[in-house]
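These values consider heavy atoms only, across backbone and side chains, with no hydrogens, waters or symmetry-generated copies. Naming convention: chains lettered A, B, ... in sequence-line order (proteins, then strands); numbering from 1 in each chain.
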Amino acid sequence: MNRNVQLLWNGLIPENPIFRLALSMCPAVAVTTSVENGLMLGLAVIFVQVFSSCTVAMFRSYIHPRIRIPAYVIVIALWVTVIDMILPVISPDVYKKVELFVKLIVVFAIIISRLELFASKEPLVPSFFDGLGMGLGFLLGLVVTGAIRELLGTGRIFGFEVLDSGPLLIMILPAGGFFVIGFIMAAFNYIEYKITGKIPTSGGAH
Amino acid sequence: MKKTRFSRATAILGTLVLLTLLCVNFSEAALSGSFKKDNEITISFGTPVDEAWAKNTANYNVFQKTDPDIRVPVESVTLDSRKTSADLKFQDPLNLSSEYTVEAKDVLSEGKTLGKLEFSVKKSQAQILFTILLGAMLINNFVFTKYLGLCIFFGVSQKKDTAIGMGITFTLVMVLSAIFCWAIYTYILKALQLQFLQIIVFIGTVAIFVQAMDTILRKVNPFLFKKLGVYLVLIVTNCIILAVPLINVDSGYGLFESMTEGLGAGVGFALALFLMACVREKLELCRVPAVFKGLPIAFVVAGMFALAFLGFSGLSIF
(Lines give C-alpha, C1' and ligand atoms only; values in the text may rest on other atoms or scores of the structure.)
Protein backbone atom coordinates (compact mmCIF):
# COMPACT_ATOMS: atom_id res chain seq x y z
CA MET A 1 0.00 0.00 0.00
CA ASN A 2 2.88 2.28 0.86
CA ARG A 3 4.25 1.99 -2.66
CA ASN A 4 0.95 3.10 -4.11
CA VAL A 5 0.97 6.30 -2.05
CA GLN A 6 4.54 6.87 -3.17
CA LEU A 7 3.49 6.46 -6.82
CA LEU A 8 0.78 9.05 -6.32
CA TRP A 9 3.19 11.51 -4.69
CA ASN A 10 5.77 10.84 -7.39
CA GLY A 11 3.41 11.98 -10.14
CA LEU A 12 2.23 14.98 -8.18
CA ILE A 13 5.55 16.76 -7.43
CA PRO A 14 8.88 14.98 -8.08
CA GLU A 15 7.88 13.93 -11.59
CA ASN A 16 5.20 16.51 -12.28
CA PRO A 17 4.40 16.00 -15.96
CA ILE A 18 4.32 19.69 -16.83
CA PHE A 19 6.97 21.36 -14.68
CA ARG A 20 9.47 18.51 -14.22
CA LEU A 21 9.11 16.12 -17.15
CA ALA A 22 8.09 18.93 -19.52
CA LEU A 23 5.73 16.63 -21.40
CA SER A 24 2.47 17.79 -23.00
CA MET A 25 3.19 21.47 -22.88
CA CYS A 26 0.62 22.50 -25.48
CA PRO A 27 -2.51 22.24 -23.30
CA ALA A 28 -0.64 23.66 -20.33
CA VAL A 29 -0.22 26.93 -22.18
CA ALA A 30 -3.34 26.90 -24.29
CA VAL A 31 -6.28 26.21 -22.02
CA THR A 32 -5.03 27.84 -18.84
CA THR A 33 -6.56 31.28 -19.39
CA SER A 34 -8.86 30.41 -16.47
CA VAL A 35 -8.93 27.90 -13.63
CA GLU A 36 -12.19 26.45 -14.88
CA ASN A 37 -10.77 25.44 -18.28
CA GLY A 38 -7.68 23.95 -16.66
CA LEU A 39 -9.81 21.96 -14.23
CA MET A 40 -11.98 20.57 -17.03
CA LEU A 41 -9.09 19.44 -19.19
CA GLY A 42 -7.21 18.12 -16.16
CA LEU A 43 -10.17 15.92 -15.20
CA ALA A 44 -10.42 14.66 -18.78
CA VAL A 45 -6.73 13.77 -18.76
CA ILE A 46 -7.05 11.93 -15.41
CA PHE A 47 -9.91 9.91 -16.86
CA VAL A 48 -8.02 8.99 -20.02
CA GLN A 49 -4.74 8.32 -18.21
CA VAL A 50 -6.25 6.08 -15.54
CA PHE A 51 -8.42 4.07 -17.90
CA SER A 52 -5.72 3.64 -20.55
CA SER A 53 -3.18 2.62 -17.91
CA CYS A 54 -5.60 0.04 -16.52
CA THR A 55 -6.51 -1.27 -19.97
CA VAL A 56 -2.90 -1.66 -21.04
CA ALA A 57 -1.92 -3.18 -17.68
CA MET A 58 -4.70 -5.76 -17.99
CA PHE A 59 -3.90 -6.72 -21.56
CA ARG A 60 -0.13 -6.26 -21.41
CA SER A 61 0.61 -9.95 -21.94
CA TYR A 62 -1.50 -10.03 -25.09
CA ILE A 63 0.04 -6.99 -26.80
CA HIS A 64 2.88 -7.98 -29.09
CA PRO A 65 5.90 -5.76 -28.38
CA ARG A 66 6.36 -4.92 -32.04
CA ILE A 67 2.94 -3.36 -32.50
CA ARG A 68 2.73 -1.89 -29.02
CA ILE A 69 2.80 1.79 -30.05
CA PRO A 70 -0.16 1.56 -32.49
CA ALA A 71 -1.98 -0.56 -29.91
CA TYR A 72 -1.45 2.08 -27.21
CA VAL A 73 -2.60 4.83 -29.55
CA ILE A 74 -5.81 2.94 -30.31
CA VAL A 75 -6.46 2.36 -26.61
CA ILE A 76 -5.96 6.06 -25.83
CA ALA A 77 -8.09 7.13 -28.80
CA LEU A 78 -10.87 4.85 -27.54
CA TRP A 79 -10.98 6.48 -24.09
CA VAL A 80 -10.64 9.94 -25.59
CA THR A 81 -13.67 9.28 -27.76
CA VAL A 82 -15.58 8.22 -24.64
CA ILE A 83 -14.68 11.35 -22.64
CA ASP A 84 -15.34 13.49 -25.71
CA MET A 85 -18.91 12.25 -25.65
CA ILE A 86 -19.36 12.57 -21.86
CA LEU A 87 -18.00 16.10 -21.34
CA PRO A 88 -20.43 18.05 -23.55
CA VAL A 89 -23.29 16.55 -21.53
CA ILE A 90 -21.79 17.50 -18.17
CA SER A 91 -20.71 21.04 -18.93
CA PRO A 92 -21.40 22.28 -22.47
CA ASP A 93 -20.11 25.83 -21.91
CA VAL A 94 -16.64 24.94 -20.71
CA TYR A 95 -16.43 22.07 -23.19
CA LYS A 96 -16.81 24.50 -26.07
CA LYS A 97 -13.65 26.30 -24.98
CA VAL A 98 -11.48 23.22 -24.56
CA GLU A 99 -13.06 21.05 -27.27
CA LEU A 100 -10.06 20.87 -29.57
CA PHE A 101 -7.72 19.97 -26.74
CA VAL A 102 -9.97 17.26 -25.38
CA LYS A 103 -9.74 15.63 -28.81
CA LEU A 104 -6.01 16.20 -28.89
CA ILE A 105 -5.47 14.23 -25.66
CA VAL A 106 -4.71 11.37 -28.07
CA VAL A 107 -1.35 12.88 -28.91
CA PHE A 108 -0.43 14.08 -25.41
CA ALA A 109 3.04 12.68 -24.83
CA ILE A 110 2.48 12.17 -21.11
CA ILE A 111 -0.14 9.46 -21.56
CA ILE A 112 1.69 7.31 -24.06
CA SER A 113 4.97 7.69 -22.17
CA ARG A 114 3.34 6.39 -18.95
CA LEU A 115 1.90 3.44 -20.86
CA GLU A 116 5.28 2.67 -22.37
CA LEU A 117 7.34 3.20 -19.22
CA PHE A 118 5.00 1.88 -16.53
CA ALA A 119 1.71 0.24 -17.40
CA SER A 120 3.23 -2.16 -19.93
CA LYS A 121 5.42 -3.70 -17.23
CA GLU A 122 3.40 -3.53 -14.01
CA PRO A 123 0.16 -5.19 -12.86
CA LEU A 124 -3.20 -3.47 -12.62
CA VAL A 125 -3.11 -1.85 -9.14
CA PRO A 126 0.25 -0.01 -9.33
CA SER A 127 -0.62 1.04 -12.88
CA PHE A 128 -3.86 2.52 -11.61
CA PHE A 129 -2.05 4.56 -8.95
CA ASP A 130 0.68 5.64 -11.35
CA GLY A 131 -1.94 6.80 -13.83
CA LEU A 132 -3.87 8.60 -11.12
CA GLY A 133 -0.72 10.26 -9.80
CA MET A 134 0.34 11.46 -13.22
CA GLY A 135 -3.18 12.66 -13.97
CA LEU A 136 -3.32 14.55 -10.66
CA GLY A 137 0.10 16.06 -11.32
CA PHE A 138 -1.14 17.24 -14.69
CA LEU A 139 -4.29 18.67 -13.11
CA LEU A 140 -2.15 20.45 -10.51
CA GLY A 141 0.00 21.98 -13.24
CA LEU A 142 -3.02 23.19 -15.21
CA VAL A 143 -4.80 24.59 -12.16
CA VAL A 144 -1.73 26.41 -10.79
CA THR A 145 -0.96 27.98 -14.17
CA GLY A 146 -4.62 28.78 -14.74
CA ALA A 147 -4.97 30.36 -11.30
CA ILE A 148 -1.93 32.59 -11.75
CA ARG A 149 -3.01 33.71 -15.21
CA GLU A 150 -6.64 34.31 -14.24
CA LEU A 151 -5.67 36.14 -11.06
CA LEU A 152 -3.19 38.47 -12.74
CA GLY A 153 -5.04 38.75 -16.02
CA THR A 154 -8.55 39.49 -14.79
CA GLY A 155 -8.22 39.85 -11.02
CA ARG A 156 -10.60 36.95 -10.45
CA ILE A 157 -10.52 33.30 -9.53
CA PHE A 158 -13.37 31.02 -10.61
CA GLY A 159 -15.12 34.21 -11.73
CA PHE A 160 -15.05 35.77 -8.23
CA GLU A 161 -13.50 39.20 -7.78
CA VAL A 162 -10.31 38.87 -5.73
CA LEU A 163 -7.79 41.51 -6.75
CA ASP A 164 -8.82 45.11 -6.83
CA SER A 165 -6.07 46.24 -9.18
CA GLY A 166 -6.46 46.75 -12.91
CA PRO A 167 -6.13 43.61 -15.01
CA LEU A 168 -2.76 42.72 -16.53
CA LEU A 169 -3.97 41.87 -19.99
CA ILE A 170 -0.77 40.19 -21.13
CA MET A 171 -1.43 37.23 -18.83
CA ILE A 172 -4.55 36.32 -20.76
CA LEU A 173 -2.85 36.80 -24.12
CA PRO A 174 -0.99 33.89 -25.70
CA ALA A 175 2.34 35.28 -24.56
CA GLY A 176 1.36 35.22 -20.88
CA GLY A 177 1.08 31.44 -20.85
CA PHE A 178 4.65 31.03 -22.04
CA PHE A 179 5.95 33.52 -19.47
CA VAL A 180 4.09 31.96 -16.54
CA ILE A 181 5.21 28.41 -17.37
CA GLY A 182 8.79 29.55 -17.85
CA PHE A 183 8.82 31.24 -14.46
CA ILE A 184 7.15 28.32 -12.65
CA MET A 185 9.73 25.94 -14.15
CA ALA A 186 12.50 28.23 -12.97
CA ALA A 187 10.88 28.31 -9.51
CA PHE A 188 10.81 24.49 -9.41
CA ASN A 189 14.50 24.46 -10.38
CA TYR A 190 15.26 27.00 -7.66
CA ILE A 191 13.50 24.96 -4.97
CA GLU A 192 15.34 21.84 -6.01
CA TYR A 193 18.60 23.79 -5.96
CA LYS A 194 17.90 24.93 -2.39
CA ILE A 195 17.08 21.38 -1.24
CA THR A 196 19.67 19.28 -3.05
CA GLY A 197 22.29 21.92 -3.79
CA LYS A 198 22.54 21.29 -7.52
CA ILE A 199 20.79 22.61 -10.58
CA PRO A 200 18.78 19.90 -12.34
CA THR A 201 18.95 19.59 -16.10
CA SER A 202 15.44 20.18 -17.33
CA GLY A 203 13.40 17.46 -18.94
CA GLY A 204 13.71 16.31 -22.50
CA ALA A 205 10.68 18.15 -23.90
CA HIS A 206 8.95 15.89 -26.35
CA MET B 1 16.67 42.54 -87.30
CA LYS B 2 14.48 39.53 -87.41
CA LYS B 3 14.61 39.34 -83.67
CA THR B 4 13.35 42.89 -83.09
CA ARG B 5 10.46 42.36 -85.47
CA PHE B 6 9.58 39.20 -83.67
CA SER B 7 9.67 40.82 -80.28
CA ARG B 8 7.64 43.76 -81.52
CA ALA B 9 5.01 41.38 -82.88
CA THR B 10 4.95 39.60 -79.54
CA ALA B 11 4.52 42.86 -77.70
CA ILE B 12 1.61 43.90 -79.89
CA LEU B 13 0.00 40.50 -79.55
CA GLY B 14 0.48 40.61 -75.80
CA THR B 15 -1.10 44.04 -75.54
CA LEU B 16 -4.05 42.86 -77.61
CA VAL B 17 -4.57 39.84 -75.37
CA LEU B 18 -4.32 42.07 -72.31
CA LEU B 19 -6.87 44.50 -73.76
CA THR B 20 -9.30 41.72 -74.56
CA LEU B 21 -8.93 40.37 -71.04
CA LEU B 22 -9.58 43.84 -69.62
CA CYS B 23 -12.64 44.25 -71.83
CA VAL B 24 -13.99 40.91 -70.69
CA ASN B 25 -13.34 41.99 -67.15
CA PHE B 26 -15.19 45.27 -67.65
CA SER B 27 -18.17 43.72 -69.29
CA GLU B 28 -18.41 41.28 -66.40
CA ALA B 29 -17.90 43.95 -63.78
CA ALA B 30 -21.22 45.50 -64.72
CA LEU B 31 -23.01 42.63 -63.06
CA SER B 32 -20.70 41.64 -60.28
CA GLY B 33 -19.57 43.46 -57.21
CA SER B 34 -16.79 42.96 -54.74
CA PHE B 35 -16.22 43.26 -51.02
CA LYS B 36 -14.28 46.35 -50.09
CA LYS B 37 -14.07 45.98 -46.33
CA ASP B 38 -15.95 43.54 -44.16
CA ASN B 39 -18.94 45.90 -44.10
CA GLU B 40 -18.70 47.43 -47.57
CA ILE B 41 -19.66 46.24 -51.04
CA THR B 42 -18.65 48.02 -54.24
CA ILE B 43 -20.88 47.65 -57.30
CA SER B 44 -20.33 49.23 -60.65
CA PHE B 45 -23.18 50.16 -63.00
CA GLY B 46 -21.13 50.63 -66.17
CA THR B 47 -22.90 53.93 -67.03
CA PRO B 48 -23.26 57.13 -64.99
CA VAL B 49 -26.36 56.98 -62.78
CA ASP B 50 -28.57 59.64 -61.22
CA GLU B 51 -27.08 60.75 -57.93
CA ALA B 52 -30.33 61.28 -56.05
CA TRP B 53 -31.52 57.84 -57.06
CA ALA B 54 -28.26 56.17 -56.08
CA LYS B 55 -28.15 57.79 -52.64
CA ASN B 56 -31.57 56.42 -51.72
CA THR B 57 -30.91 53.28 -49.68
CA ALA B 58 -34.45 51.99 -50.26
CA ASN B 59 -33.51 51.26 -53.87
CA TYR B 60 -31.23 48.41 -52.89
CA ASN B 61 -32.09 44.91 -51.76
CA VAL B 62 -29.16 43.00 -50.31
CA PHE B 63 -29.35 39.40 -49.11
CA GLN B 64 -27.27 36.27 -48.84
CA LYS B 65 -27.86 34.05 -51.81
CA THR B 66 -28.69 31.07 -49.59
CA ASP B 67 -31.56 32.78 -47.75
CA PRO B 68 -33.18 35.53 -49.85
CA ASP B 69 -35.81 36.26 -47.18
CA ILE B 70 -33.37 37.87 -44.77
CA ARG B 71 -32.58 41.37 -46.03
CA VAL B 72 -29.35 43.04 -44.97
CA PRO B 73 -30.15 46.74 -44.33
CA VAL B 74 -27.98 49.25 -46.22
CA GLU B 75 -26.77 52.09 -44.02
CA SER B 76 -25.42 54.56 -46.56
CA VAL B 77 -24.36 54.79 -50.21
CA THR B 78 -21.49 56.81 -51.66
CA LEU B 79 -20.99 57.37 -55.40
CA ASP B 80 -17.58 57.81 -56.94
CA SER B 81 -16.70 60.95 -58.93
CA ARG B 82 -17.71 59.48 -62.31
CA LYS B 83 -21.01 58.25 -60.84
CA THR B 84 -20.51 54.81 -62.36
CA SER B 85 -19.86 52.82 -59.22
CA ALA B 86 -21.29 52.92 -55.73
CA ASP B 87 -20.09 51.82 -52.29
CA LEU B 88 -22.81 50.31 -50.13
CA LYS B 89 -22.07 50.52 -46.43
CA PHE B 90 -23.64 48.15 -43.92
CA GLN B 91 -24.07 48.44 -40.20
CA ASP B 92 -22.98 44.89 -39.38
CA PRO B 93 -19.98 43.09 -40.80
CA LEU B 94 -20.82 40.73 -43.64
CA ASN B 95 -19.97 37.08 -43.83
CA LEU B 96 -17.16 37.31 -46.35
CA SER B 97 -17.05 33.63 -47.17
CA SER B 98 -20.61 33.45 -48.49
CA GLU B 99 -22.20 34.84 -51.64
CA TYR B 100 -24.38 37.97 -51.53
CA THR B 101 -26.84 39.30 -54.09
CA VAL B 102 -27.44 43.04 -54.54
CA GLU B 103 -30.63 44.06 -56.37
CA ALA B 104 -30.90 47.63 -57.58
CA LYS B 105 -34.48 48.69 -58.43
CA ASP B 106 -35.38 51.07 -61.33
CA VAL B 107 -31.84 52.20 -62.07
CA LEU B 108 -31.96 55.83 -63.28
CA SER B 109 -29.26 56.67 -65.80
CA GLU B 110 -29.19 59.98 -67.68
CA GLY B 111 -32.94 60.37 -67.43
CA LYS B 112 -33.76 56.81 -68.53
CA THR B 113 -34.74 53.88 -66.32
CA LEU B 114 -32.76 50.75 -66.96
CA GLY B 115 -35.03 48.50 -64.91
CA LYS B 116 -33.73 46.08 -62.31
CA LEU B 117 -30.05 45.18 -62.11
CA GLU B 118 -28.70 42.25 -60.14
CA PHE B 119 -25.18 41.96 -58.82
CA SER B 120 -23.67 38.90 -57.28
CA VAL B 121 -20.91 39.51 -54.77
CA LYS B 122 -18.55 36.84 -53.57
CA LYS B 123 -14.92 36.21 -52.93
CA SER B 124 -13.09 34.32 -55.62
CA GLN B 125 -11.67 30.91 -54.76
CA ALA B 126 -8.14 32.31 -54.89
CA GLN B 127 -9.03 34.98 -52.34
CA ILE B 128 -10.55 32.44 -49.97
CA LEU B 129 -7.53 30.16 -50.27
CA PHE B 130 -5.11 33.02 -49.71
CA THR B 131 -7.02 34.10 -46.63
CA ILE B 132 -6.86 30.57 -45.22
CA LEU B 133 -3.15 30.32 -45.99
CA LEU B 134 -2.36 33.63 -44.35
CA GLY B 135 -4.56 32.78 -41.38
CA ALA B 136 -2.91 29.45 -40.70
CA MET B 137 0.58 30.78 -41.34
CA LEU B 138 0.73 34.12 -39.54
CA ILE B 139 -2.48 35.40 -37.96
CA ASN B 140 -3.34 32.19 -36.14
CA ASN B 141 0.16 30.74 -36.15
CA PHE B 142 -0.23 27.28 -34.70
CA VAL B 143 2.74 27.57 -32.37
CA PHE B 144 2.48 31.13 -31.09
CA THR B 145 -1.25 31.75 -30.92
CA LYS B 146 -2.80 28.29 -30.78
CA TYR B 147 -0.01 26.70 -28.76
CA LEU B 148 0.07 23.47 -30.69
CA GLY B 149 3.10 21.35 -31.44
CA LEU B 150 5.05 22.83 -28.55
CA CYS B 151 6.71 19.56 -27.63
CA ILE B 152 8.50 19.28 -30.97
CA PHE B 153 8.92 23.03 -31.11
CA PHE B 154 11.03 23.06 -27.96
CA GLY B 155 12.63 19.72 -28.73
CA VAL B 156 14.20 20.40 -32.12
CA SER B 157 14.74 24.15 -32.09
CA GLN B 158 18.26 23.98 -30.71
CA LYS B 159 20.06 24.15 -34.06
CA LYS B 160 19.20 25.86 -37.32
CA ASP B 161 20.00 22.80 -39.47
CA THR B 162 17.67 20.50 -37.58
CA ALA B 163 15.04 23.22 -37.52
CA ILE B 164 15.11 23.55 -41.32
CA GLY B 165 15.06 19.77 -41.85
CA MET B 166 12.15 19.33 -39.47
CA GLY B 167 10.29 22.27 -40.99
CA ILE B 168 10.51 20.90 -44.55
CA THR B 169 9.62 17.33 -43.56
CA PHE B 170 6.74 18.51 -41.45
CA THR B 171 5.29 20.75 -44.18
CA LEU B 172 5.38 17.89 -46.69
CA VAL B 173 3.75 15.38 -44.36
CA MET B 174 1.20 17.93 -43.17
CA VAL B 175 -0.09 18.78 -46.66
CA LEU B 176 -0.31 15.14 -47.72
CA SER B 177 -1.96 13.96 -44.53
CA ALA B 178 -4.47 16.84 -44.67
CA ILE B 179 -5.51 15.61 -48.13
CA PHE B 180 -5.65 11.99 -46.95
CA CYS B 181 -7.74 12.79 -43.90
CA TRP B 182 -10.10 14.93 -45.96
CA ALA B 183 -10.64 12.09 -48.44
CA ILE B 184 -11.20 9.51 -45.72
CA TYR B 185 -13.58 11.76 -43.81
CA THR B 186 -15.62 12.72 -46.86
CA TYR B 187 -15.83 9.40 -48.66
CA ILE B 188 -15.81 6.89 -45.79
CA LEU B 189 -16.76 8.40 -42.44
CA LYS B 190 -19.39 10.80 -43.73
CA ALA B 191 -20.84 8.30 -46.15
CA LEU B 192 -21.23 5.69 -43.43
CA GLN B 193 -22.23 8.27 -40.79
CA LEU B 194 -19.35 7.31 -38.54
CA GLN B 195 -18.23 10.86 -37.70
CA PHE B 196 -17.80 10.03 -34.02
CA LEU B 197 -14.87 7.80 -34.96
CA GLN B 198 -12.93 10.74 -36.41
CA ILE B 199 -10.30 10.90 -33.66
CA ILE B 200 -9.39 7.21 -33.89
CA VAL B 201 -9.41 7.22 -37.69
CA PHE B 202 -7.39 10.42 -38.08
CA ILE B 203 -4.64 9.39 -35.68
CA GLY B 204 -4.54 5.96 -37.32
CA THR B 205 -4.32 7.51 -40.77
CA VAL B 206 -1.53 9.85 -39.77
CA ALA B 207 0.44 7.07 -38.07
CA ILE B 208 0.08 4.71 -41.02
CA PHE B 209 0.91 7.49 -43.46
CA VAL B 210 4.08 8.47 -41.62
CA GLN B 211 5.16 4.84 -41.36
CA ALA B 212 4.54 4.42 -45.10
CA MET B 213 6.52 7.57 -45.92
CA ASP B 214 9.35 6.21 -43.81
CA THR B 215 9.42 2.88 -45.67
CA ILE B 216 9.00 4.35 -49.14
CA LEU B 217 11.63 7.05 -48.63
CA ARG B 218 14.10 4.49 -47.32
CA LYS B 219 13.83 2.49 -50.56
CA VAL B 220 13.30 5.23 -53.13
CA ASN B 221 15.62 7.98 -51.99
CA PRO B 222 18.13 6.91 -49.31
CA PHE B 223 19.85 10.29 -49.44
CA LEU B 224 16.68 12.17 -48.58
CA PHE B 225 15.86 9.54 -46.00
CA LYS B 226 19.16 10.11 -44.25
CA LYS B 227 18.34 13.81 -44.07
CA LEU B 228 14.70 13.65 -43.05
CA GLY B 229 14.25 10.16 -41.59
CA VAL B 230 14.96 11.18 -38.01
CA TYR B 231 12.20 13.75 -38.00
CA LEU B 232 9.59 11.55 -39.64
CA VAL B 233 9.05 9.40 -36.57
CA LEU B 234 8.84 12.46 -34.33
CA ILE B 235 6.04 13.94 -36.41
CA VAL B 236 3.43 11.48 -35.12
CA THR B 237 3.68 13.04 -31.67
CA ASN B 238 3.04 16.55 -33.02
CA CYS B 239 -0.40 17.82 -32.11
CA ILE B 240 -0.65 20.02 -35.21
CA ILE B 241 -0.81 17.01 -37.46
CA LEU B 242 -4.01 15.88 -35.75
CA ALA B 243 -5.36 19.36 -35.10
CA VAL B 244 -5.41 20.40 -38.76
CA PRO B 245 -7.76 17.60 -39.96
CA LEU B 246 -10.03 18.26 -36.97
CA ILE B 247 -10.12 21.99 -37.73
CA ASN B 248 -10.78 21.25 -41.41
CA VAL B 249 -13.75 19.07 -40.51
CA ASP B 250 -15.05 21.67 -38.06
CA SER B 251 -14.90 24.45 -40.65
CA GLY B 252 -16.38 22.29 -43.41
CA TYR B 253 -13.45 22.83 -45.77
CA GLY B 254 -13.25 21.19 -49.18
CA LEU B 255 -10.24 19.55 -50.76
CA PHE B 256 -8.30 22.67 -51.75
CA GLU B 257 -9.15 24.53 -48.57
CA SER B 258 -7.96 21.57 -46.47
CA MET B 259 -4.76 21.42 -48.48
CA THR B 260 -4.15 25.14 -48.04
CA GLU B 261 -4.79 24.96 -44.31
CA GLY B 262 -2.24 22.12 -44.12
CA LEU B 263 0.28 24.10 -46.14
CA GLY B 264 -0.23 27.20 -44.01
CA ALA B 265 0.15 25.20 -40.81
CA GLY B 266 3.31 23.55 -42.09
CA VAL B 267 4.96 26.75 -43.29
CA GLY B 268 3.92 28.59 -40.13
CA PHE B 269 5.42 25.85 -37.97
CA ALA B 270 8.64 25.83 -40.01
CA LEU B 271 8.87 29.60 -39.67
CA ALA B 272 8.38 29.47 -35.91
CA LEU B 273 10.94 26.68 -35.61
CA PHE B 274 13.53 28.56 -37.63
CA LEU B 275 13.07 31.84 -35.74
CA MET B 276 13.33 30.03 -32.41
CA ALA B 277 16.45 28.12 -33.49
CA CYS B 278 18.14 31.39 -34.48
CA VAL B 279 17.53 32.84 -31.03
CA ARG B 280 18.48 29.70 -29.14
CA GLU B 281 21.81 29.43 -30.97
CA LYS B 282 22.63 32.92 -29.76
CA LEU B 283 21.28 32.09 -26.31
CA GLU B 284 23.97 29.42 -25.90
CA LEU B 285 26.55 32.18 -25.71
CA CYS B 286 24.65 34.29 -23.21
CA ARG B 287 24.93 34.27 -19.45
CA VAL B 288 21.50 33.01 -18.45
CA PRO B 289 20.67 32.72 -14.71
CA ALA B 290 21.38 29.14 -13.69
CA VAL B 291 17.82 28.26 -12.72
CA PHE B 292 16.56 29.55 -16.09
CA LYS B 293 18.96 27.47 -18.20
CA GLY B 294 17.37 25.18 -20.77
CA LEU B 295 13.62 25.09 -21.04
CA PRO B 296 12.54 27.99 -18.77
CA ILE B 297 14.40 30.61 -20.79
CA ALA B 298 13.15 29.00 -24.01
CA PHE B 299 9.61 29.52 -22.75
CA VAL B 300 10.25 33.17 -21.98
CA VAL B 301 11.69 33.68 -25.47
CA ALA B 302 8.67 31.94 -26.99
CA GLY B 303 6.48 34.32 -25.01
CA MET B 304 8.22 37.26 -26.62
CA PHE B 305 7.73 35.76 -30.07
CA ALA B 306 4.07 35.31 -29.24
CA LEU B 307 3.88 39.01 -28.38
CA ALA B 308 5.45 39.86 -31.71
CA PHE B 309 3.08 37.60 -33.62
CA LEU B 310 0.21 39.41 -31.92
CA GLY B 311 0.97 42.18 -34.39
CA PHE B 312 -0.40 40.01 -37.19
CA SER B 313 -3.87 39.82 -35.66
CA GLY B 314 -6.31 41.99 -37.55
CA LEU B 315 -4.22 41.66 -40.68
CA SER B 316 -6.50 41.27 -43.67
CA ILE B 317 -5.69 41.82 -47.31
CA PHE B 318 -9.04 41.19 -48.92
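- Only the side chain of Ile170(A) comes within less than 4.5 Å of a heavy atom of chain B; its backbone N, CA, C and O stay farther away.
- Chain A forms the most heavy-atom pairs under 4.5 Å with one residue out of Phe153(B), Phe292(B), Phe196(B), and that residue is Phe292(B).
- Heavy-atom minimum distance, Gly182(A) versus Pro296(B): O-CB, 3.5 Å.
- Only the side chain of Ile74(A) comes within less than 4.5 Å of a heavy atom in chain B; its backbone stays farther off.
- Using a 4.5 Å cut-off between heavy atoms, Ala207(B) makes no contact with chain A at all.
- Residues Arg149(A) and Tyr147(B) share a closest heavy-atom pair of NH2-OH, 3.8 Å.
- The side-chain contact (heavy atoms from CB on, under 4.5 Å) with Ile199(B) is formed by just one residue from the set Val102(A), Val106(A), Val107(A); it is Val106(A).
- Using cut-offs of 30° and 60° on the angle between ring planes, the pair Phe144(B) and Phe178(A) is perpendicular.
- Shown here is Phe225(B), whose CZ atom has more than 12 heavy atoms of other residues, nucleotides or ligands within 6.0 Å.
- Ile203(B) touches chain A through its side chain: at least one heavy atom from C-beta onward sits under 4.5 Å away, while N, CA, C and O do not.
- With chain A as the partner, the residue from Asp250(B), Val143(B), Leu242(B) showing the most heavy-atom pairs under 4.5 Å is Leu242(B).
- Between Phe183(A) and Val300(B), some side-chain heavy-atom pair lies under the 4.5 Å cut-off.
- For Leu263(B), the side chain to side chain contact (heavy atoms under 4.5 Å, CB included) criterion is met by Leu133(B), Thr171(B), Val175(B), Val267(B), not counting sequence neighbours.
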Inset, instruction - Evaluate the criterion side-chain contact (heavy atoms from CB on, under 4.5 Å) for residue pair Leu104(A) and Leu148(B); output intermediate values, then yes/no. - result: CA-CA 10 Å; Leu104(A) 286 180; Leu148(B) 292 169; 3.4 Å; yes
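- Heavy-atom distances place the side chain of Gln198(B), and not its backbone, under 4.5 Å from chain A.
- Other residues, nucleotides and ligands contribute more than 12 heavy atoms inside 6.0 Å of the CD atom of Glu257(B).
- Atom OH of Tyr190(A) is surrounded by 12 or fewer heavy atoms from other residues, nucleotides or ligands within 6.0 Å.
- Interface remark: Val29(A) contributes backbone and side-chain atoms alike to the contact with chain B (heavy atom separation under 4.5 Å).
- For chain A, the nearby part of Leu246(B) is the side chain; its heavy atoms alone come within less than 4.5 Å.
- Rounded to the nearest 0.5 angstrom, Ile297(B) CD1 and Met185(A) CE are separated by 12.5 Å.
- For Val291(B) against Asn189(A), the heavy-atom pair with the smallest separation is O-ND2, 3.0 Å.
- Looking at Leu310(B), only its side chain comes within 4.5 Å of chain A, counting heavy atoms on both sides.
- Contact of Phe108(A) with chain B is not made at all, since no heavy-atom distance falls under 4.5 Å.
- Closest of all the heavy-atom pairs between Ala306(B) and Ala175(A) is CB-CA, 3.8 Å.
- To the nearest 0.5 angstrom, Cys239(B) atom SG is 9.0 Å from Leu100(A) atom CG.
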